[in-house]
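Okay, structure first, notes after.
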Amino acid sequence: MKKVAFITGAGGYIGGETAVTFAKSGIQVAVCDINEETIAKTVKRIEEIGGIAKGYVADVSESKSIDDAINKAFNDFGRLDIMVHVAGGSSRIAGPDAKYVNLVEQEDYVIEKVLKINLFGAIWASRAAARLMIKQGEGGKIINFSSAVAFNGLKCSCDYAASKGGVVSLTKALAKELGEYKINVNSVAPGVVCRPEVDTTTEYGRQYAYETNLLGKKCTAQDIANLVEFLVSDKASFITGQTYICDGGRGLSMKGSD
């Protein structure tokens with residue numbers, strides 16, 4: 001029987017690429033996002049390569065919303081083997097007026113939104129998936145997204161750093177709780193991932209894409225998806241409670257904000 005994966009943020013750049021990568025390996029994908037239009041695009045990409053996917057709208061900051069979506073996916077597909085929580089972001093996810101500022105200047109609504117989506121979203125999605133996987137009784141894989149910022153910090157992003165640091169701790173604690181059920185829990189911590197809209201011919205674009213890591217290479221969503229694909233595969237069956245940093249060595253800097 002083919003495995004089924006539920007992916008939050010699957011309408012976005014990294015989540016979408018992860019969903020398509022899974023589909024290429026034969027995994028059926030429940031494409032979850034808050035945006036119906038982006039969900040449809042990812043589902044179409046998967047169907048165009050012969051994969052199987054269905055879309056589910058959910059707000060990961062609300063526990064009932066994620067519970068409803070993942071339970072519906074479970075009923076539709078008949079099983080759940082993998083859950084990947086990609087949905088998240090820094091201050092910009094709080095709205096068009098949100099700013100990247102020092103903590104002493106940051107507004108409550110921005111801090112609350114970042115924590116709700118990044119950390120609470122990971123908790124809600126992990127809890128919902130774990131309940132179904134335990135009931136199913138066949139083990140499973142849970143992957144949450146942290147960030148290299150969780151380890152190094154970043155000025156004007158205290159809320160983001162705290163939320164992603166919480167994911168690292170969640171990963172360790174949940175791995176201890178779910179080990180007896182043969183459920184692996186790990187997290188992925190990307191560094192700077194260069195999005196397609198970044199113009200790498202400009203000075204800023206070149207610096208952003210190539211100089212924020214030690215390899216001088218551009219990190220794409222596919223680089224992150226490849227790591228996630230490994231962690232949910234049988235090759236990673238003895239790995240749990242770990243956070244894998246994929247930042248091209250950026251975190252080796254002596255300055256946490258570099």
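Sequence positions, counted from 1, serve as the residue numbers for this chain.
The pair K235-E229 does not meet the salt-bridge criterion, since no charged nitrogen lies less than 4.0 angstrom from a carboxylate oxygen. K72 and D68 are not joined by a salt bridge, as no carboxylate oxygen comes within less than 4.0 angstrom of a charged side-chain nitrogen. Taking a cutoff of 4.0 Å between a charged side-chain nitrogen and a carboxylate oxygen, D108 and K113 do not qualify as a salt bridge. Using a cutoff of 4.0 Å between basic side-chain nitrogens and carboxylate oxygens, E138 and R79 are scored as salt-bridged.
Using a 4.5 Å cut-off between side-chain heavy atoms of Ile, Leu, Val, Met, Phe, Trp and Tyr, with links allowed through other members, I70 and I142 fall into the same hydrophobic cluster. Put simply, V149 and V101 are part of two different groups of oily side chains (I, L, V, M, F, W, Y) that touch within less than 4.5 Å, one to the next. I46 and L80 fall into different hydrophobic clusters, where Ile, Leu, Val, Met, Phe, Trp and Tyr side chains are chained together by heavy-atom contacts under 4.5 Å.
Without hydrogens or angle criteria, S169 side chain to G166 main chain gives no donor-acceptor distance under 3.5 Å. With hydrogens and angles ignored, the 3.5 Å screen pairs no side-chain donor or acceptor of D33 with any backbone N or O of T8. With hydrogens and angles ignored, the 3.5 Å screen pairs no side-chain donor or acceptor of E180 with any backbone N or O of L178. Side chain of D81 to main chain of G140: no donor-acceptor pair is present (N/O by atom type, distance under 3.5 Å, no hydrogens or angles). With hydrogens and angles ignored, the 3.5 Å screen pairs a side-chain donor or acceptor of S65 with a backbone N or O of D59.
F230 and Y244 have perpendicular rings, their planes meeting at more than 60° on a 0 to 90° scale where under 30° would count as parallel.
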Check step by step if side chain to side chain donor-acceptor pair (under 3.5 Å) holds for S91 and Y160.
-> CA-CA 7 Å; S91 298; Y160 180 72; over 6 Å; no

Going through the checks in order, is the side chain to side chain donor-acceptor pair (under 3.5 Å) test met by S126 and N144?
-> CA-CA 8 Å; S126 295; N144 283 302; 2.8 Å; yes

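Atom OH of Y100 has more than 12 neighbouring heavy atoms from other residues, nucleotides or ligands inside a 6.0 Å radius. Atom CD of E47 has more than 12 neighbouring heavy atoms from other residues, nucleotides or ligands inside a 6.0 Å radius.
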